[in-house]
Chemist: 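Sharing a structure below in structure tokens format, with a few things to ask.
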Amino acid sequence: MQDKYSPRDIETAAQKYWDESQAFKAVEDSSKKKYYCLSMFPYPSGKLHMGHVRNYTIGDVLTRYHRMQGYNVLQPMGWDAFGLPAENAAMQNGVPPAKWTHDNIAYMKKQLQSLGFAIDWEREVTTCTPEYYKWNQWLFLRMLEKGIAYKKTQTVNWDPVDQTVLANEQVIDGRGWRTGALVEKREIPGYYFAITQYADELLASLDALPGWPERVKTMQANWIGKSLGVRLAFPYTLDGKAEKLWVFTTRADTLMGVTYVAVAAEHPLATHAAKNNPELAAFIEKCKQGSVMEADVATMEKEGMKTGLFVQHPLTGEQVEVWVGNYVLMTYGEGAVMAVPAHDERDFGFAKKYSLPIKQVITQMSKAGEEAFSDSAWQESYGSKEGVCINSGKYDGLGYEAAVDAIAADLAAKGLGEKKVQYRLRDWGISRQRYWGCPIPLIHCAKCGTVHVPDDQLPVKLPEDCVPDGSGNPLKKRADFLNVACPQCGGAAERETDTMDTFVDSSWYYARYCSADNANAMVDERAKYWMPVDQYIGGIEHAILHLLYARFWNKVMRDVGLSVGSDEPFANLLTQGMVLNHIFSRRTDKGGIAYFAPEELELEHDANGKLVGAKSKADDQPVDYNGIGTMSKSKRNGVDPQSLIETYGADTARFFMMFASPPEQTLEWADAGVDGAHRFLKRVWAFGHENAALIKDAPTVNGKLGDELAKLRREVHLNLKQATADLQRQQFNTVASAGMKLLNALERAAEGDQKAAVIAEGFSILLRVLSPITPHITHALWQELGYGTDILSAPWPQVDEAALVQDELELVLQINGKLRGSIKVAASADKAAIEAIAVASETAQQHLNGAAPKKVVVVPGRLVNIVC
RNA sequence: GCCGGGAUGGUGAAAUUGGUAUACACAGCGGACUUAAAAUCCGCCGGCCCUAAUCGGCCAUACGGGUUCAAGUCCCGUUCCCGGCACCA
């Protein structure tokens, strides 16, 4: 046995052993309880970053822990390999996205393997391979057949200089990231998945997911946003024809307070009004500038212009003025809203700005609003809270529900409205005008229209040698891809060049791992054994979109008749906190933005170690600080774990990452503390080495121990108990602490009868507690010390409750809630006895001064509080 | 702007159900070993006050209120930070 801890040798040997013994190959075995542990697969950006190390270490700890608990475990890995960064890299380096992606995968796979994760690599899945994306195409066609997929227009960000569609991420302050040009909104056709058809089920089955964090379920429920409201119409006459302007509201009780209606810039009414109104036409054009992002729309200055048109109030028949508002979105609801400035904050701001009338129709029973319409007066007099109707004619005095019912009934009688359930959730637009994605399997024929690619011609393969140049989709220039015979008439036709959103790829990979080698089916019977995923682990940033899309897709697969095994794909979810780092950038001369990677920068700190700025190493000039944020490819602020692994070894990297903070917590990256983690592992090794002879020959603990050794053994089992509980509740930082405390205790062991037995037992517990976190060092020591051949299949240690028993307890003594001392009581003492001892104590007598206590609170095993 | 989360020593954090706030570490300081350094080991380590030193007292879990015998933990309000907002993945 080496006397010095040498991670390189130990880790290479352990990994070789696992590899040769096929230790992590998962085989279906219906006689054993299965545990499918899945971490979100990485985008192959080039190198792992610390967020990956954190994510995959968490998954590996859970996998190895459950294996020791006797489960048949599956932990697979794959690559979310289509996406935008590959195209950006292609533009920068002139390398085709396919090559760049496959090179990155090869490198990152080596990195993952060097971390010693218990992964079954035979099930590896890569989404940019035809074997995988064939099934995207296959299911897409099934969805078209079932009416779950359909075509309509979508609004996109358009860069007028590059003549290309921009992702939201590529829009910075309303400008294209490469060109600096003002971004425009543009309407183009695209394919949608009707996720709203599943809205009710997606909402309802959140209740069937007790293993999901509440915060994620709340976010998803709010995102789906089911609300009961009223869809109602404002009638009007246009060119002599009777028309209706439809709106949706959740506040029909305020209908009598409507003082104007606002429509989107793209609304037909706006278009009509603009025909003879150049000023309005110009305003509508202006509304088309800027990004489509909701955050931008919600924070921009609200602007509007009157159309000169009027509609009728559906109940009173009064004239209501129609405005165009830049905050009304054509793609939401009806593209028009009724405005009640007295009881909606946004309408109020708009009405104040354009001096529109404000009519109070709800009272909160505070003072009536005669005074100036200042914001605080609005809050006090009006407000958006539900209340009782006033100034509303026959509805006066009604509360929210009664008013909505009465108004809805009156609208229905006139044929001008009805109650309606509305969702905030919108259908999922999946068309991307981009090269590096899964081709949409459709063919456009002049004669036959849009034709489905027949199943026997799938997959539609993406040519892998394109190099995008930033302007438009290169597939449009590929005659060999584009030109195809129409499957129906055999005439000349063209392939669809749009590709699918990469969220499609990641919506079902969990199922593919179960049948990764099946070329004839998307999933097969084996999915029934493994699914649902028992533990899914990934970043909290996926709380809504990815997790909702995956839940939706799983239900679609079920409804298409595939054997997915369950209605929900992920039984338990652990949402990892983000690993953050500082972000630095510079404006480019074109007006775009360029980010700097940590290795390109010289950071500057003040005396307290606080970051004050940074300089580029290349030109020694300062760069802009953009605050702190998620480690990401696009912001270039990821920290590569490679040097950490090379310097200290995988076990140190893993231990440090787990010890740094609880998994769900956001973590600002700092490598202070890595030394401490490494020092601890060196101590573990040294302890094993120094006590090797003692441990190898040790008998088992038998009979009563001396006080000191009994105390040590109690500490060992206390820490085992804590570590086991912490693994159950997935708080790995305190599992690491428990390991440290355990070693501290063992190192301080007193001499005495049975010392060898206590040490041998204690160290075997320590090794097993640590093994999920630091599998290599524990594997080596387990073998070297003769505990067994393979710690992987060692059972998880059991707490000996007898070792925890104490004869005498020390309780905290509080006087009036303040710590004033302690008392010793027999473990068997009852409440009355404890109270008597506490009151009789010298400390209590001093404070009581002869008087009787007003109250005594006894918390068994913890404290006594005397109130005087 | 909307939805979700967070804030505890110089730093990462602990406190599992309302019951000793700061476990376990990092950094720092002091010491041992050494010709020396590294490594290793030992000790100290929230702030203020009292004391020669102990003993002890007060304050402190982002900020302001509240409930309770008792609040980091529960309730109300505020600030700042992080994640998401539908074409980053």
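Order of the sequence lines fixes the chain letters, A, B, ..., with proteins taken first and strands second; residue numbering starts at 1 for each chain.
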Chemist: Got more than 12 heavy atoms from elsewhere within 6.0 Å of NZ, A:K854?
Modeler: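 No, the 6.0 Å shell around NZ holds no more than 12 heavy atoms from other groups.
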
Chemist: Which whole number of Å gives the distance between the C1' atom of B:rU73 and that of B:rA53?
Modeler: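 Rounded to whole Å, the distance is 38 Å.
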
Chemist: For A:K854, which contact category applies under a 4.0 Å heavy-atom criterion: base, sugar-phosphate, or nothing?
Modeler: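 A:K854: no heavy atom of the nucleic acid under 4.0 Å.
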
Chemist: With sequence neighbours left out, write down each residue that passes side-chain contact (heavy atoms from CB on, under 4.5 Å) with A:L603, or none if nothing qualifies.
Modeler: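 Applying side-chain contact (heavy atoms from CB on, under 4.5 Å) to A:L603 gives A:F584, A:L601, A:H605, A:L611, A:A614.
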
Chemist: So does A:K152 have more than 12 non-hydrogen atoms from other groups sitting under 6.0 Å from NZ?
Modeler: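 For A:K152, atom NZ is crowded (more than 12 foreign heavy atoms under 6.0 Å).
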
Chemist: Check whether any side-chain heavy atom of A:R54 sits under 4.5 Å from a side-chain heavy atom of A:M631, and report yes or no.
Modeler: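 Heavy-atom side-chain distance check fails, nothing below 4.5 Å.
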
Chemist: Give a yes/no answer on whether the side chain of A:K818 brings an N or O atom under 4.0 Å of OP1 or OP2 in B:rC59.
Modeler: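 It does, given that an N or O in the side chain of A:K818 lies less than 4.0 Å from OP1 or OP2 of B:rC59.
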
Chemist: Less than 3.5 Å between a donor and an acceptor, one on the side chain of A:N865 and one on the base of B:rC69, is that the case here?
Modeler: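 For A:N865, whose side chain was compared with the base of B:rC69, there is a donor-acceptor pair (under 3.5 Å).
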
Chemist: Does a donor on one side chain sit under 3.5 Å from an acceptor on the other, for A:T196 and A:D427?
Modeler: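 Distance-only check passes for A:T196 and A:D427.
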
Chemist: Under 6.0 Å from the CD atom of A:E668, do we count more than 12 heavy atoms belonging to anything else shown?
Modeler: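 For A:E668, atom CD is not crowded (no more than 12 foreign heavy atoms under 6.0 Å).
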
Chemist: For A:Q665 and B:rG12, give me the distance from atom CD to atom C1', rounded to whole Å.
Modeler: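 The distance from CD of A:Q665 to C1' of B:rG12 comes to 9 Å, rounded to the nearest Å.
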
Chemist: What is the glycosidic conformation of B:rG9: syn, defined as within 90° of 0, or anti?
Modeler: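 Syn conformation here, the glycosidic angle of B:rG9 being no more than 90° from 0.
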
Chemist: Are a donor atom and an acceptor atom from the side chains of A:T502 and A:R434 found within less than 3.5 Å of each other?
Modeler: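 The answer is no; no qualifying pair exists.
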
Chemist: Sequence neighbours excluded and cut-off under 3.5 Å, please list the side-chain donor-acceptor pairs for residues 717-724 of chain A, or say none.
Modeler:
unit_1 : atom_1 : unit_2 : atom_2 : d
A:H717 : ND1    : A:D800 : N      : 3.0
A:H717 : NE2    : A:E761 : OE2    : 3.1
A:N719 : ND2    : A:E715 : O      : 3.1
A:Q722 : NE2    : A:D726 : OD2    : 2.7
A:T724 : OG1    : A:L720 : O      : 2.7
A:T724 : OG1    : A:W796 : NE1    : 3.2

Chemist: Using the P atom in both, what is the distance from B:rC33 to B:rC48, to the nearest Å?
Modeler: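 Rounded to whole Å, the distance is 34 Å.
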
Chemist: Just how far, in rounded Å, is P of B:rG1 from CD of A:E345?
Modeler: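 It works out to 10 Å between those atoms.
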
Chemist: Which whole-number value in Å describes the distance from A:K4 NZ to B:rU40 P?
Modeler: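 Interatomic distance, NZ of A:K4 to P of B:rU40: 10 Å.
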
Chemist: Could you tell me if A:S634 and A:E169 have a donor-acceptor pair between their side chains, going purely by distance under 3.5 Å?
Modeler: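 A:S634 and A:E169 do have a side-chain donor-acceptor pair below 3.5 Å.
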
Chemist: Which whole number of Å gives the distance between the C1' atom of B:rU61 and that of B:rU8?
Modeler: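 About 4 Å, rounded to a whole number of Å.
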
Chemist: Has A:Q163 got more than 12 heavy atoms of other residues, nucleotides or ligands less than 6.0 Å from its CD?
Modeler: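 Yes, because the 6.0 Å sphere around CD of A:Q163 holds more than 12 heavy atoms from other groups.
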
Chemist: Sugar-phosphate atoms are those with a prime plus P, OP1 and OP2; base atoms are the rest. Using that split, label each nucleotide of nucleotides 80-89 of chain B B, S or - for protein heavy atoms under 4.0 Å, 5' to 3'.
Modeler: --SBSBBBBB

Chemist: So, A:W508 and A:N136: side-chain donor and acceptor under 3.5 Å apart, yes or no?
Modeler: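 Judged by distance alone, the side chains do pair up.
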
Chemist: A quick test of your reading: do over 12 heavy atoms of other residues, nucleotides or ligands sit less than 6.0 Å from CZ of A:R215?
Modeler: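 Buried by this count: over 12 neighbours within 6.0 Å.
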
Chemist: What integer number of Å spans the C1' atoms of B:rC29 and B:rG10?
Modeler: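 Result for the C1' pair: 13 Å, nearest Å.
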
Chemist: Can you list everything that forms a side-chain hydrogen bond (donor to acceptor under 3.5 Å, both in side chains) with A:S6? Sequence neighbours excluded, please.
Modeler: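 So A:S6 forms a side-chain hydrogen bond (donor to acceptor under 3.5 Å, both in side chains) with A:D9.
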
Chemist: Please determine whether a side-chain nitrogen or oxygen atom of A:Q576 lies at a distance below 4.0 Å from atom OP1 or OP2 of B:rG5.
Modeler: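 No, A:Q576 has no side-chain N/O under 4.0 Å of OP1/OP2 on B:rG5.
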
Chemist: When the C1' atoms of B:rG9 and B:rA60 are compared, how many Å lie between them, rounded to an integer?
Modeler: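 Pairwise C1' distance, B:rA60 against B:rG9, rounds to 10 Å.
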
Chemist: Measure the distance from CD on A:Q731 to P on B:rU17 and round it to the nearest whole Å.
Modeler: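 Taking CD of A:Q731 and P of B:rU17, I get 10 Å after rounding.
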
Chemist: Could you check whether A:K633 gets within reach of a base, just the sugar-phosphate, or nothing at all, counting any heavy atom under 4.0 Å?
Modeler: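 The answer is nothing, as A:K633 stays clear of every strand by at least 4.0 Å.
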
Chemist: Is there a side-chain contact between A:Q722 and the phosphate of B:rU16, meaning an N or O under 4.0 Å from OP1 or OP2?
Modeler: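 So the side-chain polar atoms of A:Q722 never come under 4.0 Å of the phosphate oxygens OP1 or OP2 of B:rU16.
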
Chemist: Just the rounded figure in Å: distance from C1' of B:rC2 to CG of A:L329.
Modeler: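 Between C1' of B:rC2 and CG of A:L329: 13 Å.
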
Chemist: Produce a footprint string for nucleotides 20-29 of chain B: one letter per nucleotide, 5' end first; B if the base is under 4.0 Å from any protein heavy atom, S if only the sugar-phosphate is, - if neither.
Modeler: B--BBSSS--

Chemist: If the P atom of B:rA7 is compared with that of B:rU16, how far apart are they to the nearest Å?
Modeler: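 It works out to 14 Å between them.
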
Chemist: To the nearest Å, how far apart are A:R820 CZ and B:rG57 C1'?
Modeler: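 The answer, rounded to whole Å, is 8 Å.
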
Chemist: Grab the stems for RNA chain B, please: at least three consecutive Watson-Crick or wobble pairs, both distances below 3.5 Å, written as range with range.
Modeler: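 RNA chain B forms these stems: B:1-7 with B:79-85, B:10-12 with B:24-26, B:28-32 with B:40-44, B:46-49 with B:56-59, B:62-66 with B:74-78.
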
Chemist: Between B:rC69 atom C1' and A:L813 atom CG, what is the distance in whole Å?
Modeler: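 It is 13 Å, rounded to the nearest whole Å.
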
Chemist: Take atom C1' in B:rU79 and the same atom in B:rU22, then report the distance between them in whole Å.
Modeler: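 These two C1' atoms come out 25 Å apart once rounded.
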
Chemist: Could you tell me how far apart A:F687 (CZ) and B:rU40 (C1') are, to the nearest whole angstrom?
Modeler: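 Rounding to the nearest Å, CZ of A:F687 and C1' of B:rU40 are 16 Å apart.
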
Chemist: Give me the distance, rounded to whole Å, that separates B:rA21 from B:rA36 when you measure between the C1' atoms they each carry.
Modeler: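 My reading of the C1' atoms in B:rA21 and B:rA36 gives 44 Å.
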
